Engineer: 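Pasting a structure below so you can have a look.
Indexing begins at 1, ligand by ligand and atom by atom, following the structure's order. All values below come from the heavy atoms of this structure, side chains included, with hydrogens, waters and symmetry mates left out. Not measured: the values here are computed from a predicted model.
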Amino acid sequence: MSYQEAKAKYAVLGVDTGAAIERLKSIPVSLHCWQGDDVRGFDTDPGAPLTGGIQTTGNYPGRARTPEELMADLDLVLKLCPGMKKLNLHASYAIFEDGEWADRDRLEPKHFQKWVDFCEERGLGCDFNPTFFSHPKCDPLTLSSPNEDTRRFWIDHGKACIRISQYLAEELGQPCVMNIWTGDGFKDIPGDRMGPRERYRDSIDQILSEPYDFKLVKPCIESKVFGIGVEAYTVGSAEFALSYAAFNKDKCIPLMDNGHYHPTEVVSDKIPALLAFFPEIALHVTRPIRWDSDHVVLFDDETREICREIVRCGAQRVNIALDYFDASINRVSAWTVGLRNLQKALLSALLQPNAELKALQDGDNFTKLMVLQEELKTAPFGEVWDEYCRQCGVPADGGWFGTVQTYEADVLSRRG
Ligand code: RNT
Ligand code: ZN
């Protein structure tokens, strides 16, 4: 079937494929830098372990070890994926020059200038994350630590990150979403649940007292249900993070990571729930499996449902970012598959006759609603996807994996 034939079929369903393609080209998706090097960053000893509830498994060869390697890998992903992208950086990806080094509480905008150059040359905006894990100052708590020395260090880190986020937004002329997530919690039953939460709240208050322009810097609070080694109690639980954001709407927005809820809860349903109250929200799109929250994003039912809600509620109100890390397969492929799948899910959401679906629901016509929703699943989506890839100048399905294999043979497999 040709694209023209597919277009005609969608037209019968009341869907304009050309308009969907155009709309998708303007929805930014933030690409997480941490898939390329197993969340290690460049500011600590390369042999140091990951801590704070973050775990990558696998030792597939080819991990990026330097900024240059990570940038080269990112470039290939950008070339293989359609759509409008932003880069998502963690503070631990600071780039130090001439033997200089700064601890996390002393990071400055200049340590991210190379990333600004990278983004500028590629027309990308940039999002940012303070890194409250994998560092000797995790005791193991950070923003909720009872040790005031520890807590001060991490508050200062958060403030430094506000200044860096403001710099990134100003330099690149696009807002910077700055996400606060800590793995603070306990392996076993705590003796005090309230204390850590009060300290966490106070720490975020102090971080957000650093001046910033809320139109340019959008601080987020991300919740989590549990992490490896912190199974019993998470300081930044769902209620904590959401309440913080709700009581501080003039300063920050909530962030939902769809790997951070109990297995039968779905973030797709939570999107309109939050947007009934918040002008804007942020998402980490990932794929949870059992205890892990960070598998590569697939073109699966929940990813598609999340994207349907993003589209129906207004994509301009949702800051979309990817968040997963897989060290057991080719990392460039993992990145590419996840980003292409998110783009596919957004496109398939844009190819729904949403006005009609809504009218059927409002008219109590649930029989036809089901029939139509089921029949849409076999509409000729692949042809429209191929056309979108063509228009974006990237390979269609079946046309990109060879490039990754060549890159693996020539570049990745030579890394020690
Ligand atoms: C961890 C959180 C967090 C991290 C990144 C690296 O469970 O999802 O967002 O994945 O900050
Ligand atoms: Zn996340």
Side-chain angles (χ1 to χ4, degrees), residues 29-44 49-57 64 70 86-94 104 126-135 138 140 142-143 154 157-158 161 164-165 176-185 200 218-231 233-238 240-242 245 252-262 265 267 270 281-297 303 306 318-327 331 334-335 338 342:
V29 174
S30 199
L31 182 63
H32 56 315
C33 74
W34 50 92
Q35 164 57 50
D37 75 330
D38 312 341
V39 210
R40 282 160 189 270
F42 309 125
D43 73 335
T44 48
L50 291 176
T51 62
I54 294 255
Q55 190 95 56
T56 51
T57 50
L70 190 63
K86 289 176 94 177
L87 180 63
N88 203 358
L89 285 179
H90 245 283
S92 52
Y93 291 78
R104 291 197 188 153
C126 192
D127 295 326
F128 200 64
N129 304 258
T131 312
F132 298 106
F133 52 82
S134 305
H135 186 280
C138 303
T142 62
L143 292 177
W154 290 111
H157 174 54
C161 288
I164 293 162
S165 299
C176 173
V177 174
M178 191 199 95
N179 180 43
I180 297 176
W181 174 78
T182 78
D184 287 18
Y200 195 11
K218 300 180 181 180
C220 303
I221 315 296
E222 178 181 14
S223 68
K224 192 162 178 172
V225 62
F226 80 96
I228 302 298
V230 284
E231 289 85 1
Y233 166 83
T234 296
V235 185
S237 61
F240 175 92
L242 189 52
C252 64
I253 60 179
L255 186 147
M256 294 189 288
D257 179 313
N258 66 301
H260 291 185
Y261 296 87
H262 287 283
E265 287 184 71
V267 160
K270 297 177 194 293
I281 62 168
L283 295 181
H284 274 181
V285 183
T286 183
R287 177 169 51 106
I289 295 194
R290 307 194 191 282
W291 54 264
D292 181 57
S293 63
D294 302 291
H295 276 61
V296 178
V297 170
T303 307
I306 285 173
V318 184
N319 297 279
I320 311 169
L322 290 167
D323 181 16
Y324 57 80
F325 25 95
D326 193 332
R331 293 171 186 77
W335 243 333
L342 189 69

Engineer: Under the side-chain hydrogen bond (donor to acceptor under 3.5 Å, both in side chains) test, which residues partner Thr286, sequence neighbours left out?
Structural biologist: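 None.
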
Engineer: For side-chain contact (heavy atoms from CB on, under 4.5 Å), just list the numbers for Tyr261 and Val225, CA-CA rounded to whole Å, side-chain angles, deciding distance to a tenth of an Å, and then say yes or no.
Structural biologist: CA-CA 6 Å; Tyr261 296 87; Val225 62; 5.9 Å; no

Engineer: Should Asp257 and Lys224 count as an ion pair when the cut-off is N to O under 4.0 Å?
Structural biologist: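 Judged by the 4.0 Å cut-off on N to carboxylate O distance, Asp257 and Lys224 do not form a salt bridge.
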
Engineer: What do you reckon, are the aromatic ring centroids of Trp181 and His90 less than 6.0 Å apart?
Structural biologist: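 No, the ring centres sit 6.0 Å or more apart.
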
Engineer: Write down the atom of Thr44, the atom of Arg40, and the distance for their closest heavy-atom approach.
Structural biologist: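 It is OG1-O, 4.1 Å.
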
Engineer: Out of Asp37, Asp38, Asp326, which one pairs with Arg331 under the side chain to side chain donor-acceptor pair (under 3.5 Å) rule?
Structural biologist: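 Exactly one option meets the side chain to side chain donor-acceptor pair (under 3.5 Å) with Arg331, and it is Asp38.
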
Engineer: Within the protein, flag every N or O under 3.5 Å from an N or O of ligand 1, and note the pair and distance.
Structural biologist:
{"residue": "ligand 1", "atom": "7 (O)", "partner": "Lys224", "partner atom": "NZ", "Å": "2.7"}
{"residue": "ligand 1", "atom": "7 (O)", "partner": "His260", "partner atom": "NE2", "Å": "3.0"}
{"residue": "ligand 1", "atom": "8 (O)", "partner": "Glu222", "partner atom": "OE2", "Å": "3.0"}
{"residue": "ligand 1", "atom": "8 (O)", "partner": "Asp257", "partner atom": "OD2", "Å": "2.9"}
{"residue": "ligand 1", "atom": "8 (O)", "partner": "His260", "partner atom": "NE2", "Å": "3.1"}
{"residue": "ligand 1", "atom": "8 (O)", "partner": "Asp323", "partner atom": "OD2", "Å": "2.8"}
{"residue": "ligand 1", "atom": "9 (O)", "partner": "Glu222", "partner atom": "OE1", "Å": "2.7"}
{"residue": "ligand 1", "atom": "9 (O)", "partner": "Glu222", "partner atom": "OE2", "Å": "3.2"}
{"residue": "ligand 1", "atom": "9 (O)", "partner": "His284", "partner atom": "ND1", "Å": "3.2"}
{"residue": "ligand 1", "atom": "9 (O)", "partner": "Asp323", "partner atom": "OD2", "Å": "3.0"}
{"residue": "ligand 1", "atom": "10 (O)", "partner": "Asp323", "partner atom": "OD1", "Å": "2.9"}
{"residue": "ligand 1", "atom": "10 (O)", "partner": "Asp323", "partner atom": "OD2", "Å": "2.8"}
{"residue": "ligand 1", "atom": "11 (O)", "partner": "His90", "partner atom": "NE2", "Å": "2.7"}

Engineer: Could you check whether any side-chain heavy atom of Thr182 comes within less than 4.5 Å of a side-chain heavy atom of Val235, counting everything from C-beta outward?
Structural biologist: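 SC-SC contact between Thr182 and Val235 ruled out.
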
Engineer: Considering all heavy atoms of both residues, which atom of Leu255 and which atom of Cys220 are nearest to each other, and what is their separation?
Structural biologist: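 Taking Leu255 first and Cys220 second, the nearest heavy atoms are CB-CB, 3.8 Å.
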
Engineer: Under 2.8 Å from the Zn ion (ligand 2), which protein N, O or S atoms are there? Could you list them by chain and number?
Structural biologist: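 Protein N, O or S atoms closer than 2.8 Å to the Zn ion (ligand 2): Glu222 OE2, Asp257 OD2, His284 ND1, Asp323 OD2.
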
Engineer: side-chain hydrogen bond (donor to acceptor under 3.5 Å, both in side chains) with Asp323: which residues, sequence neighbours excluded?
Structural biologist: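 For Asp323, the residues satisfying side-chain hydrogen bond (donor to acceptor under 3.5 Å, both in side chains) (neighbours in sequence not counted) are Trp34, His284.
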
